[in-house]
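Presented below is the structure to which this report refers.
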Amino acid sequence: MIEIGVKQKLTVINMVDFGVYLGQPGHEEKVLLPIKQVPENTKPGDEITVFIYRDSEDRLIATVREPRMQLGEIAQLRTVEINDIGAFFDWGLEKDLLVPYKEQLFAPEVGREYLVALYVDKSSRLCGTMHIYDFLRDDSPYKKDDVVHGTVYQIHEEIGAFVAVDNKYHAVIPRKEIFATLLPGTVVEARVTGVREDGKLNLSIRKKAYLQMDDDCEQILKVMERYKGVLPFTDKNVDPERIRKEFSLSKNAFKRAVGRLLKENRIKITDTTIEYMK
């Protein structure tokens, strides 16, 4: 049986001017591999590894080109067009992949990349979906404190940022761990802070406190430069939201870094300000 959406080895059944027909010995079903993609010196009986999809006229077609994903897989794809039926993504084949409006989590922007999963719709056509949650796995090999890489695919205001680690494992960056702007499509390097009983990963984009503090101190000094060396608040009277906005830090992280800078005599604290030491 010829399978749509996956790579498979098929046999050259017969050759025509515009390509070769492929199939499986003993089965009547055949699919065309266009002449421009037929390997040199191909002859009847040869096996060719191809990917099967549907062309612009909705006919099954074979290609030797490498798609960026197969059926049931997830890949980060670039949006190339948006029209009245949905968004089209470049997935490495001549015909772009359609993500219908009902399969979009949000409105994608042309030129940006997002995670998309490949499925077969009710009309037996390959389509993409941005609803990738059910395509992700919960059997990752990672453990606490491992550093992982993943892609943000959804932001939930109350929960946090949902991430596909290695583009295939469930993970989330809890809201309390987010101090910088994260958008769908953002690629992150993160630390595993825990593995839940269901196998899903909790992540942080910050290092452990003692490792992160040097970076936090430099961030504070960088912001102080914009204020010409004088912050118009202290670590005690500043609002946590202002810290998050100005420094991309939590208030606790801000206080720890200020304490370090104070101990190193790089700043001084008055009743109302934090200032460079001269």
Side-chain angles (χ1 to χ4, degrees), residues 1 3-9 49-53 66-79 89-93 97-100 102-106 108 112-122 124-180 182-209 211-212:
M1 179 180 177
E3 299 179 71
I4 191 171
V6 296
K7 292 192 297 182
Q8 55 214 275
K9 281 187 177 181
T49 299
V50 293
F51 179 81
I52 306 298
Y53 69 118
E66 190 79 18
R68 297 205 176 120
M69 59 183 168
Q70 297 188 67
L71 191 63
E73 295 180 346
I74 301 167
Q76 189 161 12
L77 306 179
R78 181 173 58 87
T79 315
F89 289 77
D90 176 10
W91 64 315
L93 301 185
L97 181 66
L98 169 66
V99 176
K102 66 182 180 64
E103 296 296 336
Q104 298 176 14
L105 287 169
F106 47 83
R112 289 196 58 193
E113 293 187 347
Y114 305 95
L115 287 183
V116 175
L118 185 66
Y119 76 101
V120 176
D121 70 7
K122 294 179 180 179
S124 298
R125 291 173 296 196
L126 290 173
C127 279
T129 179
M130 296 168 73
H131 295 275
I132 68 168
Y133 185 88
D134 290 336
F135 292 82
L136 293 171
R137 294 163 46 181
D138 54 15
D139 60 345
S140 87
Y142 300 113
K143 60 185 184 300
K144 185 177 180 181
D145 292 331
D146 282 348
V147 175
V148 299
H149 296 84
T151 305
V152 176
Y153 66 91
Q154 187 176 7
I155 304 294
H156 191 290
E157 290 187 3
E158 295 181 0
I159 298 175
F162 288 96
V163 177
V165 168
D166 297 341
N167 289 351
K168 61 182 176 180
Y169 299 117
H170 282 287
V172 65
I173 303 173
R175 184 179 181 278
K176 66 179 181 179
E177 293 288 343
I178 299 175
F179 302 102
L182 293 178
L183 299 172
T186 300
V187 177
V188 297
E189 180 179 272
R191 175 173 56 90
V192 178
T193 58
V195 181
R196 292 162 39 180
E197 289 185 3
D198 60 7
K200 297 179 176 65
L201 305 175
N202 285 336
L203 307 178
S204 173
I205 52 177
R206 291 174 56 79
K207 303 171 187 175
K208 285 190 172 182
L211 295 173
Q212 183 69 42

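Just the heavy atoms: all of them, side chains too, but no hydrogens, waters or symmetry mates, feed the values below.
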If you compare all heavy atoms of [X] against all heavy atoms of [Y], which two are closest, and at what distance to 0.1 Å?
X: C127; Y: L97; value: C-CD1, 3.8 Å
X: V6; Y: Q8; value: O-NE2, 2.9 Å
X: A164; Y: Y153; value: N-CD2, 3.7 Å
X: P108; Y: T79; value: CB-OG1, 4.0 Å
X: Y119; Y: K102; value: OH-NZ, 3.9 Å
X: V152; Y: A161; value: CG1-CB, 4.3 Å

What is the distance from atom [atom1] of [X] to atom [atom2] of [Y], rounded to the nearest 0.5 Å?
X: L115; Y: F162; atom1: CG; atom2: CZ; result: 14.0 Å
X: Y53; Y: L71; atom1: OH; atom2: CG; result: 16.0 Å
X: M69; Y: F89; atom1: CE; atom2: CZ; result: 9.0 Å
X: H156; Y: R175; atom1: NE2; atom2: CZ; result: 11.5 Å
X: M130; Y: E103; atom1: CE; atom2: CD; result: 10.5 Å

Under the 3.5 angstrom rule, does the side chain of [X] hit a backbone N or O of [Y] as a donor-acceptor pair?
X: T193; Y: N202; result: yes
X: Q154; Y: L105; result: no
X: E177; Y: L203; result: no
X: Q104; Y: V99; result: yes
X: E73; Y: Q70; result: yes
X: T129; Y: A117; result: no

From the options I205, I173, I155, select the one residue that forms a side chain to side chain contact (heavy atoms under 4.5 Å, CB included) with I178.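 Checked I205, I173, I155 against I178; only one passes side chain to side chain contact (heavy atoms under 4.5 Å, CB included): I173.
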
Among residues two or more places apart or on two chains, list those pairs meeting salt bridge (Lys or Arg N to Asp or Glu O under 4.0 Å) that have a residue in residues 127-144.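 Applying salt bridge (Lys or Arg N to Asp or Glu O under 4.0 Å) to every pair that reaches into residues 127-144, excluding sequence neighbours, yields R137-D139, K143-D146.
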
Pairs flagged by salt bridge (Lys or Arg N to Asp or Glu O under 4.0 Å) wherever residues 149-168 is involved - sequence neighbours left out: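 Matches after skipping sequence neighbours: none remain.
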
Determine, stepwise, if the pair L201 / S140 fulfils side chain to side chain contact (heavy atoms under 4.5 Å, CB included). CA-CA 8 Å; L201 305 175; S140 87; 3.6 Å; yes

Derivation and outcome, side chain to side chain contact (heavy atoms under 4.5 Å, CB included), residues V120 and L126: CA-CA 5 Å; V120 176; L126 290 173; 3.8 Å; yes

Does some side-chain heavy atom of K7 sit less than 4.5 Å from a side-chain heavy atom of E66?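 The answer is yes, as the side chains (C-beta and beyond) meet within the 4.5 Å cut-off.
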
Close side-chain approach of V116 to W91, heavy-atom, < 4.5 Å: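 V116 does not reach W91 side chain to side chain.
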
Could you check whether H170 and Y133 have their ring centres less than 6.0 Å apart?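 Centroid separation for Y133 and H170: below 6.0 Å.
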
Can you list everything that forms a salt bridge (charged side-chain N to carboxylate O under 4.0 Å, His left out) with E197? Sequence neighbours excluded, please.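 So E197 forms no salt bridge (charged side-chain N to carboxylate O under 4.0 Å, His left out) with any residue.
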
